[in-house]
Amino acid sequence: LKRKTRESEAVVVCDLTRQHWICQSHKLVIRGFVGSHVVVSLQEIIQAYKSGITLLGNTTSLGRWDFSGSFFFSISTITTIGYGNLSPSTAAGRIFCIVFALFGIPLNLVLLNEIGQLMLLGVQRCARCLEEAFHWQKKASLLIKTCALVTGLLLFLLLPPLLFSHKEGWSYEEGFYYSFITLSTIGFGDYVIGMKPDHTYPGWYKNVISLWILFGMAWLALVIKLCINFLE
């Protein structure tokens, strides 16, 4: 009787062990299935975000491929800044981007040169007016160039970080860093405007920044040219 009892207990234990391992294997299969689908879903979300698709909701206002976002992308392309945060995802879009850059980059260089010449012409006219009014010679030219340099520093390097601090939540140092990296066309991409989903950006924001980039690059190129002439 004891032998039969022990045999029945052993059978029960073996059956419970087998059921336990079957349950564990089912759990592993379910976890692997759910985990793989979660990974795939996350990859799809990341790919959609890189393609410019944003989540629908009250807290997302990136608008990466609306008019202002597309205009900002166009400016960053023809100025060769290339932050890398946004890029065409289709073959047709890539081909169009290549053709657009081939024609846009040279035309942008011509535009920047014309803007710089207009700035220089304005500085020279102001210096000439001061020379005629106060009979100054070298002092008028030096004074106007200094004023133009200080005004450019304020408009393109010193004041914009305040706007970035207000709209992006950056520190002044981060805003100044972004300003210089952008205007010098280095464009690391570690700081890019309009990329925070929890921030609400006005419609004019990216358009104004795009124009700031164009005029700021022209001013910086003019300053570099004057420095080269001075050194020569």
Side-chain angles (χ1 to χ4, degrees), residues 68-86 100-101 103-131 136 138-168 170-195 201-232:
S68 59
S70 301
F71 183 63
F72 184 75
F73 170 77
S74 302
I75 293 297
S76 64
T77 300
I78 62 176
T79 55
T80 68
I81 296 174
Y83 293 112
N85 64 305
L86 189 60
F100 175 73
F103 289 94
I105 293 175
L107 291 176
N108 178 65
L109 293 176
V110 174
L111 176 63
L112 293 179
N113 182 63
E114 292 296 325
I115 294 175
Q117 292 299 323
L118 288 175
M119 291 180 178
L120 182 60
L121 182 62
V123 171
Q124 291 175 350
R125 286 185 177 179
C126 291
R128 194 175 300 113
C129 292
L130 283 179
E131 289 177 1
W136 291 346
K138 295 182 179 181
K139 291 183 179 180
S141 178
L142 180 61
L143 178 61
I144 291 299
K145 289 180 180 179
T146 304
C147 292
L149 178 63
V150 173
T151 303
L153 283 173
L154 288 173
L155 291 178
F156 301 117
L157 287 177
L158 299 180
L159 293 180
L162 299 177
L163 176 63
F164 299 141
S165 299
H166 175 67
K167 294 297 182 182
E168 304 291 341
W170 299 339
S171 64
Y172 184 85
E173 179 269 331
E174 291 172 330
F176 183 82
Y177 168 80
Y178 169 78
S179 299
F180 180 79
I181 292 299
T182 297
L183 297 184
S184 59
T185 70
I186 297 174
F188 288 125
D190 49 350
Y191 288 91
V192 184
I193 64 165
M195 294 300 298
Y201 300 99
W204 53 265
Y205 182 54
K206 285 188 176 181
N207 296 332
V208 170
I209 298 303
S210 300
L211 296 177
W212 165 76
I213 290 175
L214 285 177
F215 285 92
M217 287 180 60
W219 170 80
L220 188 60
L222 180 61
V223 171
I224 294 174
K225 182 179 179 180
L226 292 175
C227 292
I228 293 174
N229 294 334
F230 177 77
L231 292 176
E232 290 178 349

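Keep in mind that the numbers below use all heavy atoms, side chains included, and drop hydrogens, waters and symmetry copies.
- With sequence neighbours left out, the side chain to side chain contact (heavy atoms under 4.5 Å, CB included) criterion links I193 to F72, F164, E168, W170, Y178, Y205, K206, I209.
- For S74, the side chain to side chain contact (heavy atoms under 4.5 Å, CB included) partners two or more places apart in sequence, or in a different chain, are F100.
- With sequence neighbours excluded, the residues that form a side chain to side chain contact (heavy atoms under 4.5 Å, CB included) with L220 are L183, S184, I224.
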Take L155 and W219 through the side chain to side chain contact (heavy atoms under 4.5 Å, CB included) test and state the conclusion after the steps.
-> CA-CA 10 Å; L155 291 178; W219 170 80; over 6 Å; no

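- Between T182 atom OG1 and Y83 atom OH the span is 3.0 Å, to the nearest 0.5 Å.
- Judged as a side-chain hydrogen bond (donor to acceptor under 3.5 Å, both in side chains), and not counting sequence neighbours, the contacts of D190 are Y177.
- Within the 4.5 Å cutoff, side-chain heavy atoms of M217 are placed close to those of I213.
- Annotation for A101 and T77: closest pair CB-CG2, 4.1 Å, computed over non-hydrogen atoms.
- Listed here is the closest heavy atom pair of I75 and S210: CG1-CB, 3.7 Å.
- Taking CG from L149 and SG from C227, the interatomic distance works out to 8.0 Å, rounded to the nearest 0.5 Å.
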Evaluate the criterion side chain to side chain contact (heavy atoms under 4.5 Å, CB included) for residue pair T151 and F156; output intermediate values, then yes/no.
-> CA-CA 8 Å; T151 303; F156 301 117; over 6 Å; no

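- In this structure, CG in L121 is found 4.5 Å from CZ in R125, a value given to the nearest 0.5 Å.
- Between the CD1 atom of I181 and the CZ atom of F176 there is a distance of 10.0 Å, given to the nearest 0.5 Å.
- Partners of S171 by side-chain hydrogen bond (donor to acceptor under 3.5 Å, both in side chains), not counting sequence neighbours, listed by chain and number: E174.
- The CE atom of M195 lies 4.5 Å from the CG atom of N85; values are rounded to the nearest 0.5 Å.
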Tell me which donor-acceptor pairs under 3.5 Å the side chains of residues 108-120 have, and how far apart each pair is, sequence neighbours excluded?
residue: N108; atom: ND2; partner: I78; partner atom: O; Å: 3.3

